[in-house]
K.L.:
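To start, I am sharing the structure in question, which I have written as structure tokens.
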Amino acid sequence: APPPPKGQRAGNALGIAPPLRPHRPPPHAWTAGGKVQGMESQAHTHPTYGHVVFAHIKQLVSNLNKKNYKVSVGELSQLLEVYGHDAHVFLLRLLIGHVDLKAAKAAQEHAHARLLLLAQELGAAVARFNFVSLVVQAFEGVTLSDDFCGGLARLLKLSFAQHVALGVALAQP
């Protein structure tokens, strides 16, 4: 693609410029707890855009319905493409939080758009190189029962291969 005219930022096919990426320290600076080593005193000096992105993802998911599904999913896809792994994990955690395997059929109908998006995201994630880490991080803190994986696979109508991949990923320590 040709470079944008002088003084303009490059945009996507819709002409929307991608948001600026937040500064991330090198991977060796991260600890197991997810905190950055040596950054405690600088926590408020560097602006980060993660909280804004996560708030926007949360808003898109909470307002998701049949009428705006296509537009919202398109916008979520753009955000996931730009912000990567952390945004994927956040979206999956958010969607998993809306799953209730014991809910009545009427409650499941109300959350149909979110369940459809979760099924779509998990199905697409299976093909990603970081599928196991996505699933492990997304399900962190979720109490997993013996029948959780099977119930989730039935609720989301996952294929057998997706069900097996999800089970193997959840079995990781």
Side-chain angles (χ1 to χ4, degrees), residues 12 18-37 39 48-65 68-103 108 111-173:
N12 60 15
L20 299 173
R21 288 182 182 238
H23 168 72
R24 292 198 64 178
H28 65 279
W30 289 91
T31 65
K35 297 192 179 189
V36 180
Q37 296 174 351
M39 293 289 285
T48 61
Y49 302 102
H51 66 285
V52 175
V53 173
F54 293 156
H56 189 58
I57 290 172
K58 188 174 183 177
Q59 179 207 14
L60 287 169
V61 169
S62 65
N63 294 333
L64 192 64
N65 60 42
N68 68 6
Y69 184 83
K70 199 176 216 179
V71 172
S72 295
V73 169
E75 194 169 341
L76 283 167
S77 294
Q78 285 183 334
L79 289 170
L80 296 177
E81 186 177 320
V82 171
Y83 291 98
H85 182 80
D86 293 338
H88 272 97
V89 170
F90 181 78
L91 175 63
L92 288 173
R93 278 186 182 171
L94 196 58
L95 293 169
I96 291 164
H98 289 287
V99 172
D100 185 3
L101 297 177
K102 296 175 183 151
Q108 290 175 4
H112 179 70
R114 292 183 193 109
L115 292 174
L116 185 63
L117 179 59
L118 179 57
Q120 178 183 328
E121 287 300 317
L122 280 175
V126 169
R128 294 176 57 94
F129 70 94
N130 61 345
F131 173 69
V132 173
S133 99
L134 274 173
V135 169
V136 168
Q137 289 178 355
F139 283 87
E140 191 174 35
V142 175
T143 305
L144 302 175
S145 63
D146 292 338
D147 61 341
F148 179 82
C149 187
L152 185 63
R154 276 189 301 282
L155 180 65
L156 300 178
K157 298 176 182 159
L158 298 179
S159 71
F160 181 73
Q162 291 170 333
H163 183 176
V164 170
L166 179 64
V168 169
L170 289 174
Q172 297 302 311

K.L.:
Check whether any side-chain heavy atom of His56 lies under 4.5 Å from a side-chain heavy atom of Glu75, and answer yes or no.
P.N.:
yes

K.L.:
Could you give all pairs that pass the salt bridge (Lys or Arg N to Asp or Glu O under 4.0 Å) test and reach residues 158-171, with sequence neighbours left out?
P.N.:
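For residues 158-171, and leaving out neighbouring residues, there are no salt bridge (Lys or Arg N to Asp or Glu O under 4.0 Å) pairs at all.
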
K.L.:
Taking only residues two or more places apart in sequence or in another chain, which ones pass salt bridge (charged side-chain N to carboxylate O under 4.0 Å, His left out) with Arg93?
P.N.:
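So Arg93 forms a salt bridge (charged side-chain N to carboxylate O under 4.0 Å, His left out) with Glu140.
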
K.L.:
Using side-chain heavy atoms (C-beta onward) and a distance below 4.5 Å, is Asn63 in contact with Ser72?
P.N.:
no

K.L.:
If I compare all heavy atoms of Ala113 with all of Leu64, which pair ends up nearest, and what's the gap?
P.N.:
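It is O-CD2, 3.6 Å.
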
K.L.:
Quick one: are Val126 and Leu158 in side-chain contact, heavy atoms under 4.5 Å?
P.N.:
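Contact flag for Val126/Leu158 side chains = no.
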
K.L.:
Kindly write out the residues that satisfy ring-ring contact (aromatic ring centres under 6.0 Å, His included) with Phe90, not counting sequence neighbours, or none if the list is empty.
P.N.:
Phe54

K.L.:
Quick check: closest heavy atoms across Cys149 and His163, and the distance to 0.1 Å?
P.N.:
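Minimum heavy-atom contact is SG-CD2, 3.7 Å.
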
K.L.:
Residues two or more places apart in sequence or in another chain: which of them pass side chain to side chain contact (heavy atoms under 4.5 Å, CB included) with Ser77?
P.N.:
Val73

K.L.:
Can you tell which of Leu134, Val136, Val135 makes a side-chain contact (heavy atoms from CB on, under 4.5 Å) with Val89?
P.N.:
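Running side-chain contact (heavy atoms from CB on, under 4.5 Å) over Leu134, Val136, Val135 with Val89 returns exactly one hit, Leu134.
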
K.L.:
Please enumerate all residues that pass side chain to side chain donor-acceptor pair (under 3.5 Å) together with Asn130, with sequence neighbours excluded.
P.N.:
His85, Arg128

K.L.:
Table please: side-chain donor-acceptor pairs of residues 116-123 below 3.5 Å, with sequence neighbours left out.
P.N.:
unit_1	atom_1	unit_2	atom_2	d
Gln120	OE1	Tyr69	OH	2.9

K.L.:
Can Leu79 and Leu60 be said to form a side-chain contact (heavy atoms from CB on, under 4.5 Å), step by step?
P.N.:
CA-CA 11 Å; Leu79 289 170; Leu60 287 169; 4.0 Å; yes

K.L.:
State, yes or no, whether a side-chain contact exists between Phe131 and Val168 at a heavy-atom distance under 4.5 Å.
P.N.:
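No; the side chains remain at least 4.5 Å from each other.
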
K.L.:
What distance separates Phe139 CZ from Leu92 CG, expressed to the nearest 0.5 Å?
P.N.:
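Result: 7.5 Å between the selected atoms.
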
